[in-house]
There are 2 protein chains.
Amino acid sequence: MKIEEEIKVKSFSSDWQRASINIMYTGNWLNLILEKRAAKKQITLQQFNVLRILRGQLPNPSTNNLLKNRMITNTPDISRLVDRIVAKGLVSRCKNKEDKRAVDLFITEKGLALLEEIEDDMMLNDLLPQNLSEQEAFQLSELLDKFRGSIPPEEV
Amino acid sequence: MKIEEEIKVKSFSSDWQRASINIMYTGNWLNLILEKRAAKKQITLQQFNVLRILRGQLPNPSTNNLLKNRMITNTPDISRLVDRIVAKGLVSRCKNKEDKRAVDLFITEKGLALLEEIEDDMMLNDLLPQNLSEQEAFQLSELLDKFRGSIPPEEV
DNA sequence: TACGTTTAAATGTTGTCACACTTTTGTTTT
DNA sequence: AAAACAAAAGTGTGACAACATTTAAACGTA
């Protein structure tokens, strides 16, 4: 379904406008689906993303700071986000020996098991290949990289 | 800058994965920029979007419901969102004569003036054409439409 | 060494979001 | 016309987000 129909707009002032709106709309569309799938296991999408990052770092620990740099969406409140997954027993937290300011984070067995269970569903492999060829997906990603250009988001 | 560098990922499990992550990342990137620009005039991006929709409906009124259907991002709490712009004097609200359930919304003179002031900045005309040709922007939008396919987000 | 600066994380506060539920009005069915 | 249903908006609540500030540790440098 075209973006014009989705949000009932007759026309856009330019193709750049159309693309911008479409990126935000589609990002939100993706978010809705993924939040819904994550909710089946009583976690949020952000919590899922944190778990994936933690697993990706194994056997090394991660820190709040590392998480911040790798999150897809900006998360200034990473401390309390981690609080919540620690409370669920999916992550363990202990002080770093070398840098006493930092905190080492590890995904627990429980966290790993949950990832295993949910991951297939979160990949959207049941959806995406229906709509887009892998070639087109590649091209889409290239265009998005180009869309952002080289401007760091803080400076705009 | 490639998405791999932005979030420090070595590789993705597929091009669909890469594209999905990139859409969310770029959506967030856009959001950050637009929120920042809207904040210069003490409004949020959602409030700006509401004002644009209201103006687009002129000379007709809008309703909460109409807004909900046209917002780029899901907004279940549209009532209170409108409360806030009404409180700022940017929108006026009065009961619909025909359907007593509905509420008619109009953008005020103050709202129109604010749109005028801020709109150029919000278009990102200073940014986007540097990075992407209009042709590419067109293509990007087409790919995003295709990415979502025909599945309504509630059913996924 | 001592000082100022930077960095990592935590916290306090305020506002907003998400979800479910309620109220009121309109529409449909029998 | 009455009952059942659907739709529009509003509300109560708890979780979460954003922003600024704070605390503690590390670093850099004179």
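Residue numbering restarts at 1 for every chain, and letters A, B, ... go by the order of the sequence lines.
The side chain of B:P76 sits closest to C:dA18 out of C:dA18, D:dA9, C:dT11. Nearest to the side-chain atoms of A:K100 among the listed nucleotides D:dC19, D:dA25, D:dC16 stands D:dA25. Each of D:dA7, D:dG10, D:dA25 was ranked by its minimum atom distance to the side chain of A:D99; first place goes to D:dA25.
Among the heavy atoms of the strands, none lies under 4.0 Å from A:E35. Residue contacts shown for A:E98 are limited to sugar-phosphate atoms, with no base heavy atom under 4.0 Å away. Residue B:T63 is in sugar-phosphate contact alone, with no base atom involved, counting any heavy-atom pair closer than 4.0 Å across all strands shown.
One interatomic measurement links the two molecules: CG of B:N31 to P of C:dC17, which rounds to 12 Å at whole-angstrom precision. In this structure, NZ of B:K95 is placed 16 Å from P of C:dT23, rounded to the nearest angstrom. Computed from coordinates, the B:L81 CG to D:dA9 C1' distance equals 14 Å when rounded to whole Å. Rounding to whole angstrom units, CG of residue A:D77 and P of C:dT13 are separated by 15 Å. Rounded to whole angstrom, the span from the NZ atom of B:K36 across to the C1' atom of D:dA18 amounts to 13 Å. Atom pair A:K68:NZ and D:dA17:P shows a separation of 13 Å (rounding to whole Å applied). Taking atom CD on A:Q47 and atom C1' on D:dA15, their separation rounds to 11 Å, with Å as the unit. Here D:dC16 presents its C1' atom at 15 Å from CG of A:N74, a figure rounded to the nearest Å.
Distance check, rounded to the nearest 0.5 Å: OH of A:Y25 to CE of B:M71 gives 12.5 Å.
With hydrogens and angles left out, the side chain of B:R80 and the base of C:dG15 share no donor-acceptor pair within 3.5 Å.
Dashed line: the shortest gap from a side-chain N or O of B:R84 to OP1 or OP2 of C:dC17 is under 4.0 Å. Note on A:Q46: a side-chain N or O is less than 4.0 Å away from OP1 or OP2 of D:dA17. The phosphate of C:dA8 (OP1 or OP2) has no side-chain N or O of A:N64 nearer than 4.0 angstrom.
Taking the nucleotide of DNA chain D with the nearest heavy atom to each of A:K97 and B:S62, the more 5' of the two is matched to B:S62. Annotation: of the two residues near DNA chain D, A:R101 and B:A102, the 5′-most nearest-nucleotide partner is B:A102.
Side-chain atoms of A:N64 and A:R93 form no donor-acceptor pair, as typed in the model, at a separation below 3.5 Å. Inspection of the A:Q47 and A:K88 side chains reveals an N or O donor paired with an N or O acceptor under 3.5 Å.
Within a 6.0 Å radius of NZ in B:K100, no more than 12 heavy atoms belonging to other residues, nucleotides or ligands are found.
Between A:L34 and B:M24, some side-chain heavy-atom pair lies under the 4.5 Å cut-off.
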